[in-house]
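Reviewing the structure listed below.
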Amino acid sequence: MSKYIVTSALPYANGKLHIGHVAGAYLPADIFVRYLRLKREDVIYICGTDEHGAPISIKAEKEGLTPQAIVDRYHKSIKESFDGLNIEFDNFSGTSRKPHYDLSQQFFTELHENGYITSKITKQFYDEAESRFLPDRYVEGICPHCGAEGARGDQCDACGKLIDSITLIKPISKVSGSTPVIKETKQWYLNLPKFTDQLKEWLDTKTYWKENVRNFILSWLNEGLIERAITRDINWGVPVPLDEADGKVLYVWFDAPIGYISSTIEWAQNQGKPELWKDYWLDQSTKLIHFIGKDNIPFHTIMWPSFVMGQNESYVLPHDVPANEYLNLEGDKISTSRNWAIWVDEFIKYFDGEYLRYVLAVNAPEKQDNDFLWKDFQNKINTELNNVLGNLANRVFSFSKKHFDGLVEKPKQLSEASQTTLKQVNELSLETDHCYQSYQVRKAVKTILDIARLGNRYFDEREPWKAIKVDKTSVQETIYTCCEILRVISVVMTPILPNFMSQLREIMGIKQKPLWEELTSNPYPLQLENIRRIFQKVEDNQIEEQLKLLQENALANKEPERINFKELKPEIEFDDFMKLDIRIAKILTAEKVKKTDKLLKITADIGGKEIELIAGLAKSYSPENIIDKKVVMLLNLKPRKIKGILSQGMILAADDGETLSVLLADKDIKTGSEIG
RNA sequence: GGCGGCAUAGCUCAGUUGGUUAGAGCACUGGAAUCAUAAUCCAGGUGUCCGGGGUUCGAGUCCCUGUGCCGCUACCA
């Protein structure tokens with residue numbers, strides 16, 4: 001029997017958990033693990049929070065807390081959300097713990113010693129007031145691409161471009177507010193190209209991987225791998241274990257996947273068997289399975305295997321990486337920043353967490369992005385869980401209670417109808433087995449529903465409410481057969497709804513923990529007890545309430561009519577301002593620049609003279625929208641050629657990240673008027 | 001503009017390597033039943049499989065092309 005290590009992508013500890021996370025990486029893994037346990041497989045389910053990186057330290061500084069305090073807060077919040085959904089890890093660690101530091105440093109050291117890491121001198125901003133290097137996200141300035149203010153060093157929120165941070169115009173340190181200087185610094189790079197052949201060879205054996213995953217990897221490999229920096233100049237992270245790297249830490253994406261191993265080490269220690277983790281990670285027959293969202297595919301199939309290949313120890317490589325697609329919400333992308341999400345901690349205040357498990361399982365984004373609709377949620381809970389499954393249990397149990405005081409015995413002989421039904425049930429249960437094995441959760445649930453439908457049909461055909469008047473034995477047989485169906489469901493549905501199924505079994509008087517092998521056992525007679533409905537319906541007003549909440553949250557999030565105050569740029573002299581030549585210009589013609597999304601080619605009258613320029617306005621202004629407008633234009637900026645056209649002016653426009661708005665004069669004023 | 005993905009019933013989605021008459025659930029209509037949470041069961045589908053072309057004995061599936069949407073990427077003085 002082979003061993004399994006199942007992991008889910010480490011959730012980042014700077015925010016709460018939403019249903020998209022759950023649908024993509026955590027629920028499918030939990031279901032798979034629970035299935036393996038039903039089959040008595042040797043499996044450990046490992047996870048933890050990803051606790052390093054600049055976003056966490058920025059959040060900490062904003063709130064005046066230590067990074068550790070932020071991490072602790074979200075670690076707790078995320079763990080509680082998992083608990084509310086009965087997602088149970090064998091170990092849920094965090095990457096800011098000691099064993100993780102030790103192991104991550106070891107990974108780095110061995111890669112370094114084995115010649116896979118090289119160092120390079122790069123230029124980076126340095127804050128002299130704080131005497132430290134500034135990571136990209138700690139620097140703000142004018143975006144060199146779109147000219148928007150408040151662009152972070154790694155990316156501009158306004159235009160979404162990635163930025164080489166030292167190209168930022170008028171940079172400001174977010175730490176001290178001073179202007180940073182550019183200094184040289186040494187960073188260490190992982191030589192990914194060196195792994196190319198080994199990776200290709202290894203990936204060639206993974207013919208059984210999901211198609212979407214394979215396609216993704218192939219395009220990556222074809223484009224060619226490049227060296228990647230794996231160190232950073234910040235003080236929150238795992239210190240780089242080199243004397244010359246004082247004050248530098250490992251980049252968060254380097255240390256995060258190592259958390260899978262360090263969390264297992266922590267687990268082994270908690271078991272009182274500190275060496276136990278080796279039985280899993282160092283045994284080449286162990287099946288290591290990473291459940292992730294599709295955005296994580298390159299890390300888990302290219303980078304992470306490379307780290308492992310460069311080690312002295314033979315850690316096991318991923319056996320499978322069943323990545324899921326995305327979950328949308330009410331037709332729109334889930335978005336944390338727009339607060340368009342269903343947060344798990346909110347959800348479990350209103351509904352049983354296993355309702356969410358059910359709907360996310362039956363609607364899992366396995367091959368395609370899927371949509372979560374509240375109306376659909378209600379529908380599935382009511383018509384499938386309540387009407388089909390819940391009602392089957394209730395009608396059978398009530399009937400038994402009424403006529404046999406809840407005692408269910410196995411008949412000596414079964415009619416052909418009952419035998420046929422049970423045979424069909426058996427076939428369907430085998431099908432669910434196959435579904436679970438191949439990560440087809442939605443099909444598994446549908447098949448289980450078919451088992452319940454079979455039960456309802458059988459019950460109807462047997463008409464026990466008529467038979468009870470003439471033939472009690474036949475009714476006993478009916479109830480027995482239906483209980484068999486429910487017993488099968490109580491096992492095969494356990495991965496999806498562990499707690500509800502345990503309630504079902506409790507009612508049936510089955511004490512043992514569910515195991516797949518019990519499908520062929522005979523626990524009769526059974527004494528039903530404490531008969532009750534286990535599922536409740538979701539009412540219309542509950543759904544309306546949630547829809548309203550969703551809209552309100554999204555609106556509340558938009559509410560601030562202003563952008564948070566940013567530090568002003570350094571003072572300038574009046575003369576500096578006077579250097580700018582800004583005038584009112586009238587747009588004469590405008591047309592889209594071919595082969596671009598954002599660019600407009602514009603001619604403008606600046607007061608008896610025509611100029612030509614390029615403006616990045618096309619996302620907000622169509623040509624006819626802008627023609628004839630009298631805009632504010634900076635005219636003495638050094639002209640630059642864009643797309644073969646010499647751009648001789650810059651239309652001034654404001655950008656809040658969503659809307660781009662050109663500046664217009666308040667009154668009708670003559671073209672060419674100077675501004676000052 | 002480049003690369004990749006997607007497009008199937010009113011809705012949410014399945015459709016394995018090309019192979020009978022393209023499916024499921026929900027919704028809808030009619031009927032049966034009254035044990036059960038008004039829950040169940042039976043019956044009911046004229047869908048340009050996004051449009052157009054091609055390969056093939058045969059295309060939802062493969063190829064070309066057009067359109068629309070999504071992701072990454074480029075252009076923003």
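Hydrogens, waters and symmetry mates are skipped; everything else that's a heavy atom, side chains included, is used. Remember, it's a predicted structure, so these values are computed and weren't measured experimentally.
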How many whole angstroms separate atom [atom1] of [X] from atom [atom2] of [N]?
{"X": "A:N387", "N": "B:rU37", "atom1": "CG", "atom2": "P", "answer": "12 Å"}
{"X": "A:N386", "N": "B:rU37", "atom1": "CG", "atom2": "P", "answer": "12 Å"}
{"X": "A:Q368", "N": "B:rG4", "atom1": "CD", "atom2": "C1'", "answer": "15 Å"}
{"X": "A:I297", "N": "B:rC72", "atom1": "CD1", "atom2": "P", "answer": "14 Å"}
{"X": "A:L329", "N": "B:rU12", "atom1": "CG", "atom2": "C1'", "answer": "14 Å"}
{"X": "A:L635", "N": "B:rA77", "atom1": "CG", "atom2": "P", "answer": "13 Å"}

Base, sugar-phosphate, or nothing: which does [X] touch, judged by heavy atoms less than 4.0 Å apart?
{"X": "A:F397", "answer": "nothing"}
{"X": "A:K466", "answer": "sugar-phosphate"}
{"X": "A:F535", "answer": "base"}
{"X": "A:L617", "answer": "nothing"}
{"X": "A:L449", "answer": "nothing"}
{"X": "A:A393", "answer": "nothing"}

Check salt bridge (Lys or Arg N to Asp or Glu O under 4.0 Å) between [X] and all other residues, then give those that pass, not counting sequence neighbours.
{"X": "A:K609", "value": "none"}
{"X": "A:E463", "value": "A:K466"}
{"X": "A:D581", "value": "A:R583"}
{"X": "A:K446", "value": "none"}

[atom1] spacing across the pair [N] / [M], given as an integer number of angstrom:
{"N": "B:rC35", "M": "B:rC41", "atom1": "C1'", "value": "13 Å"}
{"N": "B:rC11", "M": "B:rG47", "atom1": "P", "value": "15 Å"}
{"N": "B:rC42", "M": "B:rG10", "atom1": "C1'", "value": "24 Å"}
{"N": "B:rC70", "M": "B:rA27", "atom1": "P", "value": "31 Å"}
{"N": "B:rC6", "M": "B:rA43", "atom1": "P", "value": "36 Å"}
{"N": "B:rG25", "M": "B:rG45", "atom1": "P", "value": "13 Å"}
{"N": "B:rA22", "M": "B:rA32", "atom1": "C1'", "value": "30 Å"}
{"N": "B:rG31", "M": "B:rC69", "atom1": "P", "value": "46 Å"}

Subject >> Distance-only side-chain donor-acceptor flag, A:N379 / A:E384, under 3.5 Å >> reply: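 Checked: A:N379/A:E384 side chains show no N/O donor-acceptor pair below 3.5 Å.
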Subject >> Modelled atom types, side-chain donor and acceptor of A:T478 and A:T481, under 3.5 Å >> reply: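 The answer is no; no qualifying pair exists.
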**OP:** If a protein heavy atom is under 4.0 Å from the base, mark B; if only from the sugar-phosphate, S; if neither, -; do that for nucleotides 23-29 of chain B going 5' to 3'.
**Re:** --SS---
Subject >> Those residues that, when tested against A:W374, pass side chain to side chain donor-acceptor pair (under 3.5 Å) (two or more places apart) >> reply: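 Here no residue qualifies.
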**OP:** Counting heavy atoms from C-beta on, name the nucleotide in B:rC75, B:rA77, B:rU12 closest to the side chain of A:M650.
**Re:**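 When the side chain of A:M650 is considered, B:rA77 is the closest of B:rC75, B:rA77, B:rU12.
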Subject >> Residue met sooner reading RNA chain B from 5', once A:S398 and A:K367 are mapped to nucleotides >> reply: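 Its nearest nucleotide being more 5', the pick is A:K367.
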Does [N] have OP1 or OP2 under 4.0 Å away from a side-chain N or O of [X]?
{"X": "A:K443", "N": "B:rC13", "value": "no"}
{"X": "A:R533", "N": "B:rU37", "value": "yes"}
{"X": "A:N394", "N": "B:rU37", "value": "yes"}
{"X": "A:Q440", "N": "B:rU16", "value": "no"}
{"X": "A:N370", "N": "B:rC13", "value": "yes"}

Original post:
Which pairs pass ring-ring contact (aromatic ring centres under 6.0 Å, His included) with one or both residues in residues 634-653 of chain A, sequence neighbours excluded?
Top reply: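 Qualifying pairs, neighbours excluded: none.
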Subject >> Secondary-structure stems for RNA chain B, with pairs counted as Watson-Crick or G-U when both distances are under 3.5 Å and runs at least 3 long >> reply: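 Paired runs of 3+ in RNA chain B: B:1-7 with B:67-73, B:10-13 with B:23-26, B:28-32 with B:40-44, B:50-54 with B:62-66.
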Original post:
Parallel under 30°, tilted from 30 to 60°, perpendicular over 60°: which one fits the rings of A:F377 and A:F347?
Top reply: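 Perpendicular: the ring planes of A:F377 and A:F347 meet at over 60°.
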Subject >> Aromatic stack A:F399/B:rC35: centroid gap under 5.5 Å, interplanar angle under 30° >> reply: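 A:F399 vs B:rC35: stacking no.
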Only pairs under 3.5 Å count here: list side-chain donor-acceptor contacts from residues 393-401 of chain A, not counting sequence neighbours, and write none if there are none.
from   : atom 1 : to     : atom 2 : distance (Å)
A:R395 : NH1    : A:N456 : OD1    : 2.8
A:R395 : NH2    : A:D460 : OD1    : 2.8
A:S398 : OG     : A:N394 : O      : 2.5

**OP:** Decide yes or no for A:E612 and A:S647: does some side-chain heavy atom of the first lie under 4.5 Å from some side-chain heavy atom of the second?
**Re:**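 A:E612 does not reach A:S647 side chain to side chain.
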**OP:** Indicate, yes or no, whether a donor-acceptor pair under 3.5 Å links the base of B:rA36 to the side chain of A:N391.
**Re:**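 In this structure, the two groups form a donor-acceptor pair.
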**OP:** Drop me the distance from A:Y480's OH to A:E477's CD, to the nearest 0.5 angstrom.
**Re:**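 Answer rounded to 0.5 Å: 9.5 Å.
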